[in-house]
2 protein chains.
Amino acid sequence: MSKSYIRHFNANAIFHRIRIEPNVSQRDIVAKTGIDKSVVSSIVNQFSELGLVERNPVATSNKPGRPMEGLTISPESGLIVGVQIEADTIGYVAAALDGIPVCSKVQAFDGKLDEVADVVARGVKEIVSECGRDSETLGVGISLPGLLTDEGVLLHAPVLGWRGVPVVDMFSSALDAPVFAGNDGKAAAMAEYMFGECVDVRDFIYLFSGSGVGGALFLDGDIYRGSTGLAGELGHIKVVPQGRYCSCGASGCLSAYLCEPALAEEIGRLTGNLPSSFKEIIERANANDEVVVGVLDNAGAVLGSAISSLVNIFNPPLVCLGGDMASAEPYLRPAVERALQRLAHPSMSVQTKVIFSQLSTVSPFLGGVALALDGVTGLDSPHVLP
Amino acid sequence: MSKSYIRHFNANAIFHRIRIEPNVSQRDIVAKTGIDKSVVSSIVNQFSELGLVERNPVATSNKPGRPMEGLTISPESGLIVGVQIEADTIGYVAAALDGIPVCSKVQAFDGKLDEVADVVARGVKEIVSECGRDSETLGVGISLPGLLTDEGVLLHAPVLGWRGVPVVDMFSSALDAPVFAGNDGKAAAMAEYMFGECVDVRDFIYLFSGSGVGGALFLDGDIYRGSTGLAGELGHIKVVPQGRYCSCGASGCLSAYLCEPALAEEIGRLTGNLPSSFKEIIERANANDEVVVGVLDNAGAVLGSAISSLVNIFNPPLVCLGGDMASAEPYLRPAVERALQRLAHPSMSVQTKVIFSQLSTVSPFLGGVALALDGVTGLDSPHVLP
DNA sequence: GATATTTTTCTTGTTTTGAGAATAATTCAT
DNA sequence: ATGAATTATTCTCAAAACAAGAAAAATATC
């Protein structure tokens, strides 16, 4: 526990407050974070000198006394680029320091490891120039479908077939800006904390559904990584003893009932008409296809059972469901609520809100932005989110 | 995040190292904690001046150079008293600062709230005088079967029928020593971390079985309390959808299959012979009563299912099972292992060790000692473990 | 006995917090 | 208008804590 750690921590907390509540006063920051006024003044000055934070005069409040200074993140001060590497695509988004996306794009990707650093370097350069700003790139955050060590080594990414890749070093040498890397599920959770539905919630459970089901435990204001970094792989909670086989090799995983391929397969099996995308699944449900609605309802029940377990373990104020789940809310929510009623401890579930977040569909790839922002605003050196 | 917090944190870490590894050198502490040598020297001096730590010459190592000083907790420096309040008993244990119990006793208790402060004050005085040492009582830790707030208020203790009791204030005014209070399950987990099977393990899951099933999440070197303090009530993880009714009002809880009353009832129902204690259950199992063995095996399967979920969520290096479970290890372990094999993610379960801890049966009431020790050795003011 | 080695302490410097005084900028009352 | 009151921020200074290196202490080896 070092001294600079406190500074890092405080700086992050202050930046976070300014971002989620533009035009706050220093006084408010003091009240809400408990950090001393001198420290807030000093750190705000530091941010202000770096050009990261602006002081704006605020409309008169009709109160006596010196008016407050409204503090905001300067949108022109620099760009953060979020990169999301998936099985066959790479997504990019450039955002200002306040996290508001400026532009984004997706590019096809063949998964070749030896070219990816150059591909991403070019992609980042392009997205930055497309923004039409000559502001500096302050950080690049790379969200990866696999597990990372503290040192920035990607241990294993099944969908990419990569293993033991020192991603931070690799991308750092190809890019000019500081590189931050992290697991996709955890990065997405961080994005929810910074920009989404979980802003400023100290404890929440995040579940994400797509080609697989991932997740993260956000505890005490930070992602819980566990001793091995594997913690939070919530897609593999067992929900049905001796249930369906999952791509991970085990059986009865939540993922085997909820991820897009599993739902598609089930619908295909029951109707003889295999959906080609999650969008199609939702379209068929919207068109009142009873089989599809039934499959989604069943998935909701299984999901609700998993959430009930999580509620009983963590008693979190918030459970956030992202990815494909957001667009399926009308078909999932009733079953989830039923399961919670039936399975979760009443005195716990009353304190828990379950929400479906649109963030990852409305503005995708923000996970990487969150990763980088977390590092950049600490007034400190890079790190990794395993 | 304040400055004195760092000192508290470092002091605790250093004391912890000395306790778990008597005769360490400062150099070793530096190597193992990462704290700077100056800081270690300064804090060791502080402990030494307070008489909490002794410096012993260590047998020559046949190496050149100044020989190390072996640091140990001075056993005579003071007493810590652990108090455990249960439905009809109060248990006491007096221990030296190294956590080694000196003497203990149990007294009957009628659950009367208005007398308990005086009763405990008398009990503490007696146990201290029974020790036959005139050393100072440095702290009293009180372990309670209920939920506490950060401010030391017992919100609700169902088995005692207490609600909204400011326990820390109440016991503080009756006792001369600093009072620390906490939830029994979390205190027991802390004891495992300090004195038991989980010494120095930064992340573990603790499950405790007795008249109910409690537990704690020990994450990143500390108990996770969650936003409400309810986190870690692992006895109410749902293991069987629409399963047995639990004393909490819900159905399918782990507790409903594993706690002593549930096991006794089940055995009584099947044999017509209701066991009067957990000890009797084990005796009948030892006498090869097939029904009893079968009931325990079934409980083990349910327990294993719950542990599998926990493994998949946390991927902890260690799952520690305490209380009654320890003496039932021969009957529970096979079923637990089977369930883990079948239900837990293989790449996770290989990293997880499941152990049965005798700590709470061999030297009971250490939870309170752990609570108090945690506060006393921080060179800082009291606090609570909700 | 000199030298090398290992462990601990001392010295000095830097960073950061934290409390209170000072300053700045406004409204309200007269 | 002008002074008083009020509120927000900055400045000043002291204390706490860490951090790096020099120094000291205590031993083994040659």
Side-chain angles (χ1 to χ4, degrees), chain A residues 1-15 17-18 21-49 53-72 378-381, chain B residues 1-15 17-18 21-49 53-72 378-381:
Chain A
M1 181 69 63
S2 73
K3 230 169 11 181
S4 58
Y5 177 78
I6 293 192
R7 190 70 166 186
H8 180 95
F9 187 93
N10 285 340
N12 247 332
I14 290 172
F15 198 88
R17 278 239 76 83
I18 298 175
E21 193 184 330
N23 276 316
V24 278
S25 64
Q26 293 190 25
R27 197 165 188 270
D28 253 29
I29 295 176
V30 168
K32 284 180 182 152
T33 64
I35 302 171
D36 190 89
K37 58 193 181 320
S38 305
V39 178
V40 172
S41 177
S42 146
I43 288 176
V44 166
N45 270 331
Q46 222 172 324
F47 278 137
S48 166
E49 276 162 30
V53 161
E54 277 171 11
R55 301 159 192 262
N56 312 107
V58 150
T60 51
S61 56
N62 278 354
K63 278 188 302 182
R66 172 173 173 173
M68 56 174 256
E69 287 174 346
L71 299 173
T72 52
L379 298 173
D380 206 15
S381 53
Chain B
M1 182 69 66
S2 74
K3 223 165 21 178
S4 59
Y5 177 77
I6 293 190
R7 191 69 168 185
H8 181 92
F9 187 93
N10 286 339
N12 247 331
I14 290 172
F15 199 87
R17 277 239 75 84
I18 298 175
E21 193 183 330
N23 277 316
V24 278
S25 64
Q26 294 190 27
R27 198 165 188 270
D28 252 30
I29 296 176
V30 167
K32 284 181 181 150
T33 63
I35 302 171
D36 191 89
K37 59 190 179 319
S38 308
V39 178
V40 172
S41 177
S42 145
I43 289 176
V44 166
N45 270 332
Q46 222 172 324
F47 278 136
S48 167
E49 275 162 29
V53 162
E54 277 170 10
R55 302 160 192 260
N56 311 107
V58 151
T60 52
S61 55
N62 278 356
K63 278 189 303 184
R66 173 173 172 172
M68 55 174 258
E69 287 175 346
L71 299 172
T72 52
L379 297 173
D380 206 16
S381 54

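Predicted, not measured: the structure shown is a model, and the values here were computed from it. Each chain gets a letter, A, B and so on, in the order the sequences are listed, and its residues count up from 1.
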Arg7(A) vs dC18(D): side-chain N/O to OP1/OP2 distance below 4.0 Å: no

When rounded to whole Å, the CE to C1' distance for the pair Met68(A) and dT23(C) reads 19 Å

Would you say that Asp28(A) contacts Arg17(A) through its side chain, given a criterion of any heavy-atom pair below 4.5 Å between the two side chains?
no

When rounded to whole Å, the CG to P distance for the pair Asn45(A) and dT16(C) reads 14 Å

**Prompt:** Any side-chain N or O of Asn10(A) less than 4.0 Å from the OP1 or OP2 oxygen of dT16(C)?
**Reply:** no

Of the candidates dT9(D), dG20(C), dT8(C), the side chain of Glu69(B) sits closest to dT8(C)

From CD1 of Ile14(B) across to C1' of dC18(D) the rounded distance in Å is 12 Å

When rounded to whole Å, the CG to P distance for the pair Asp28(B) and dT6(C) reads 14 Å

Quiz item: Contact class for Ser25(B) (heavy atom, under 4.0 Å): base, sugar-phosphate, or nothing?
Solution: sugar-phosphate

Check your understanding: Does any N or O donor sit under 3.5 Å from an N or O acceptor when you compare the side chain of Ser38(B) with the base of dA17(D)?
Key -> no

task = For residues Leu71(A) and Glu54(A), determine if any side-chain heavy atom of one lies less than 4.5 Å from a side-chain heavy atom of the other.
result = no

From the list Val44(B), Asn45(B), Ile43(B), side-chain contact (heavy atoms from CB on, under 4.5 Å) partner of Ser41(B) resolves to Asn45(B)

- Item | OP1 or OP2 of dT7(C) under 4.0 Å from side-chain N/O of Arg55(B) | no

_Distance test, side-chain N/O of Ser41(B) to OP1/OP2 of dT9(C), below 4.0 Å_ = yes

Separation of dT26(C) atom P from Arg27(A) atom CZ, nearest Å, is 17 Å

When rounded to whole Å, the CD1 to P distance for the pair Ile6(A) and dC18(D) reads 9 Å

Any Ile29(B) side-chain heavy atom under 4.5 Å of Ile35(B) side chain: no

Whole-Å distance, Phe9(A) CZ to dT16(C) P, equals 16 Å

When rounded to whole Å, the CD1 to C1' distance for the pair Ile43(A) and dT10(D) reads 15 Å

Query - Residue pair Gln46(B) / Val53(B), side-chain heavy-atom distance below 4.5 Å - result: no

